[in-house]
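Labels below follow one simple rule: chain letters A, B, ... track the order of the sequence lines, proteins then strands, and each chain is numbered from 1.
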There are 2 protein chains.
Amino acid sequence: MNYTENSNDAKRRELGSSTRATGSVTLNDVAKLADVSPITVSRAINQPNKVAPKTLERISQAISRTGYFPNQLASGLASRRSHLIAAIVPTMANSVHAETISFFCDRLRDSGYQVLLGETGYSEDQEESLIATVLSRRPDGILLTGTSHSKTSRRLLIGADIPVVETWDLTPTPIDVVIGFSHQHIGQAVAEYLLNKGYRHIGIVSASDNRAKIRARVFIETLARHGNIEVAVSFVSELTNFRLGREGLAHLLDNGFGEGAVFCSSDTLAQGALAEAQARGLLIPDQLAIIGLGDQPYAAHTYPALTTVRFDREIMGRRAAEALLARINGEPVTENCIDIGFSILERETT
Amino acid sequence: MNYTENSNDAKRRELGSSTRATGSVTLNDVAKLADVSPITVSRAINQPNKVAPKTLERISQAISRTGYFPNQLASGLASRRSHLIAAIVPTMANSVHAETISFFCDRLRDSGYQVLLGETGYSEDQEESLIATVLSRRPDGILLTGTSHSKTSRRLLIGADIPVVETWDLTPTPIDVVIGFSHQHIGQAVAEYLLNKGYRHIGIVSASDNRAKIRARVFIETLARHGNIEVAVSFVSELTNFRLGREGLAHLLDNGFGEGAVFCSSDTLAQGALAEAQARGLLIPDQLAIIGLGDQPYAAHTYPALTTVRFDREIMGRRAAEALLARINGEPVTENCIDIGFSILERETT
DNA sequence: CCGTATTATGGTAACGATACCACAGAAACA
DNA sequence: TGTTTCTGTGGTATCGTTACCATAATACGG
């Protein structure tokens with residue numbers, strides 16, 4: 001009964017348009033119009049200096065006349081270069097990551113690479129499945145957040161044989177390149193800073209993601225060792241927000257923490273803590289000192305201005321992009337472990 | 001001189017491995033091992049219910065034995081479904097957009113679609129070139145921020161013949177579907193709210209992106225019409241931050257704006273303004289009332305708590321994803337203009 | 001037990017680009 | 001002028017997958 005259709009199909013094929021034709025303009029159409037071979041059009045687009053000026057002119061006219069634009073899927077398949085870079089972050093809802101990615105995109109903009117985004121929600125399992133999914137797009141490189149990955153994740157990444165940049169942390173054993181800062185050192189540095197300022201009654205309001213936990217651990221250890229101080233601890237979830245900061249400090253205060261200094265594991269938490277302290281009428285920093293982490297844009301402008309730990313997200317995002325591009329282009333990357341450092345910005349809350 | 005190489009190549013080809021072989025496991029390898037045809041493996045992956053259980057079992061063993069994972073570039077090329085959705089935002093550094101994208105990704109996670117990210121930096125030109133680049137990846141759908149696009153952009157998008165969702169605004173003439181809220185109505189509603197509260201001395205600290213300018217215009221018009229009030233105006237850049245909020249309010253106060261109410265075009269600006277007011281010892285809201293926009297997580301917890309205009313980024317992100325998926329799957333989308341509305345949350349700063 | 005509907009599988013030809021090699025003609029050199 | 005290098009271009013095969021059609025095998029109803 002569908003004989004008619006079949007013969008139609010056959011006719012269509014004879015006429016040169018296949019059953020699966022999409023109607024969209026292809027490189028071939030441009031080539032025909034410009035009266036050159038497809039490969040020359042391809043060269044005109046990708047290596048124009050290898051094509052004679054007159055030919056180039058004819059081709060670019062044909063391109064604009066047909067409204068052609070390339071199909072990067074086909075290009076990626078044939079050239080084994082997808083011109084895609086995957087970026088995997090815990091969550092974009094945390095503005096420090098959003099900012100890093102923003103700088104990362106900026107740096108990539110004019111390189112012909114585009115960013116494939118994935119969120120893990122701080123879960124290693126989800127990271128693993130995300131990595132598998134993302135690798136099936138054959139990205140030319142991948143940006144990861146953190147240095148802690150499941151065995152399978154590492155295996156997949158190594159097997160993919162593409163540049164990998166890990167960020168937000170340091171490790172002596174990166175998969176490929178790591179760009180970040182030491183969370184141990186931050187824990188220690190903040191502890192020592194507070195000791196030097198003379199604080200002896202110290203608490204911490206901390207998120208519970210891996211990196212925050214490391215900072216908290218070293219912070220607590222350092223204070224125990226150097227000042228024989230027992231730290232009052234209040235852990236909140238991985239995802240932090242203003243409310244959790246208020247609640248975290250409230251928890252400390254309601255459980256006997258009087259006056260002293262509190263290290264908050266993010267500026268968001270610190271800002272919440274600040275509000276809670278003010279709501280309770282505590283004098284800052286005389287009765288309660290607060291130090292945050294991240295140097296978010298608002299940190300310099302809270303009232304009083306927030307003391308915080310600063311690290312440069314612009315440098316991290318940009319250098320991550322540069323490292324990936326360098327690796328992709330086969331340039332040697334001399335350092336595979338880049339410490340961007342951090343600093344403590346003393347403002348008015350300590 | 002390279003005859004030897006040629007004959008090597010020929011030999012290699014005879015042996016079945018071509019010059020361009022990549023070494024990676026393909027569907028064919030799996031098919032051979034499972035002793036079925038490639039197309040059956042493809043079906044086993046994409047429509048497992050169409051394959052006999054025993055065959056399925058053999059294939060999935062072959063897959064895990066070989067460590068195969070699919071090449072989505074090839075898949076996309078052959079099936080004309082890239083399973084890619086492009087998301088274009090002004091900047092991820094603005095947390096309201098980052099959040100929207102986060103919810104958007106969440107909703108898409110288990111659908112097999114992934115997000116290709118692009119930032120326009122609030123520039124229409126950059127949006128245009130970004131759209132062209134992105135479309136060359138043949139995404140199955142695209143999310144845009146705002147409803148104002150260049151002619152070329154519109155032409156490209158319509159030509160691409162894929163679902164398009166515009167967000168963050170409303171328009172009677174969407175390209176395809178629009179999900180957002182009315183910036184005119186916000187300008188009017190905030191003006192009326194302040195009038196009803198009895199304020200007669202009113203200022204505005206506003207960003208200068210399209211949507212903020214529309215809100216500002218209607219705000220000013222409404223106050224002129226209904227209260228015969230001349231609004232003190234302080235415009236800042238497109239990208240807002242805390243500092244600009246302080247400076248914006250300072251500008252107003254230094255130019256003769258005494259006591260009254262100020263509408264800030266984002267909570268970020270409002271927070272900065274709040275700090276500036278406090279630094280100057282102004283009583284809030286008695287001497288200076290402030291209303292923001294966005295209901296950022298911290299807005300409920302500033303001290304005093306910030307009155308603001310709220311709209312639901314979760315709903316916007318999620319519904320945008322759902323609309324795109326529905327369109328892609330050919331389901332009818334009844335409404336092509338979805339107003340998610342907004343509300344004024346009265347807290348302590350007004 | 002036969003004809004029909006359904007299920008499971010395969011062969012072949014795309015999808016739209018680039019890699020690889022070959023080669024003609026121009027330019028450079030002896 | 002003859003030889004060699006360089007420049008510009010094209011032919012063909014391929015990248016790894018799926019669409020389309022065909023067909024064998026099985027189930028089903030009377």
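By the salt bridge (charged side-chain N to carboxylate O under 4.0 Å, His left out) test, A:Glu128 pairs with no residue at all, sequence neighbours left out. Partners of A:Leu56 by side chain to side chain contact (heavy atoms under 4.5 Å, CB included), not counting sequence neighbours, listed by chain and number: A:Ala44, A:Pro48, A:Val51.
Distances shorter than 4.0 Å separate none of the side-chain N or O atoms of B:Thr26 from OP1 or OP2 on D:dC15. Applying the 4.0 Å criterion to OP1 and OP2 of C:dG16, one finds that B:Arg80 has a side-chain N or O inside that range. The phosphate of D:dT18 (OP1 or OP2) has a side-chain N or O of B:Asn46 nearer than 4.0 angstrom.
Remark: A:Glu322 CD to A:Ile179 CD1 distance equals 8.5 Å, nearest 0.5 Å. Atom CE of B:Met316 sits about 7.5 Å away from atom NE2 of B:His97, to the nearest 0.5 Å.
In this structure, CZ of B:Arg58 is placed 13 Å from C1' of C:dG10, rounded to the nearest angstrom. Atom CG of B:Asp29 is separated from atom C1' of D:dC15 by 13 Å (rounded to the nearest Å). Separating the CD1 atom of A:Ile59 from the P atom of C:dA17 is a distance of 13 Å, rounded to the nearest angstrom. Rounding to whole angstrom units, CZ of residue A:Arg81 and P of D:dT14 are separated by 23 Å. B:Asn49 places its CG atom 9 Å from the P atom of C:dA8, with the value rounded to the nearest Å. Separating the CD atom of B:Gln47 from the C1' atom of C:dA8 is a distance of 12 Å, rounded to the nearest angstrom. Distance B:Lys54 NZ to C:dT7 P: 18 Å, rounded to the nearest Å. One interatomic measurement links the two molecules: CG of B:Leu77 to P of C:dC15, which rounds to 9 Å at whole-angstrom precision.
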Sequence neighbours excluded and cut-off under 3.5 Å, please list the side-chain donor-acceptor pairs for residues 29-38 of chain A, or say none.
residue, atom, partner, partner atom, Å
A:Asp29, OD2, A:Thr26, N, 2.9
A:Ser37, OG, A:Thr40, OG1, 3.3

Extract all donor-acceptor atom pairs below 3.5 Å that involve side chains of residues 152-163 of chain B and protein atoms in other chains or at least two apart in sequence.
residue, atom, partner, partner atom, Å
B:Ser153, OG, B:Ser150, OG, 2.9
B:Arg154, NH2, B:Thr173, O, 3.4

Using atom names, set out every protein N or O paired with an N or O of nucleotides 9-12 of chain D below 3.5 Å, distance rounded to 0.1 Å.
residue, atom, partner, partner atom, Å
D:dT9, OP1, A:Thr55, OG1, 2.4
D:dT9, OP2, A:Ala52, N, 3.0
D:dG10, OP2, A:Ser37, N, 2.8
D:dG10, OP2, A:Ser37, OG, 3.3
D:dG10, OP2, A:Thr40, OG1, 2.6
D:dG10, N7, A:Arg43, NH2, 3.0

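Side-chain N or O atoms of A:Asp176 include none that pairs as donor or acceptor with a backbone N or O of A:Val165 at under 3.5 Å.
Only at 4.0 angstrom or more do the heavy atoms of residues 63-75 of chain A sit from any atom of DNA chain D, so none qualifies.
Here B:Glu331 does not pair with B:Arg327 in a salt bridge; the nearest charged N to carboxylate O distance is not below 4.0 Å.
For B:Ser79, the listed nucleotide lying nearest its side chain is D:dT18; candidates were D:dT17, D:dT18, D:dC15.
Open room surrounds CZ on B:Arg319; 12 or fewer heavy atoms of other groups in view lie less than 6.0 Å from it.
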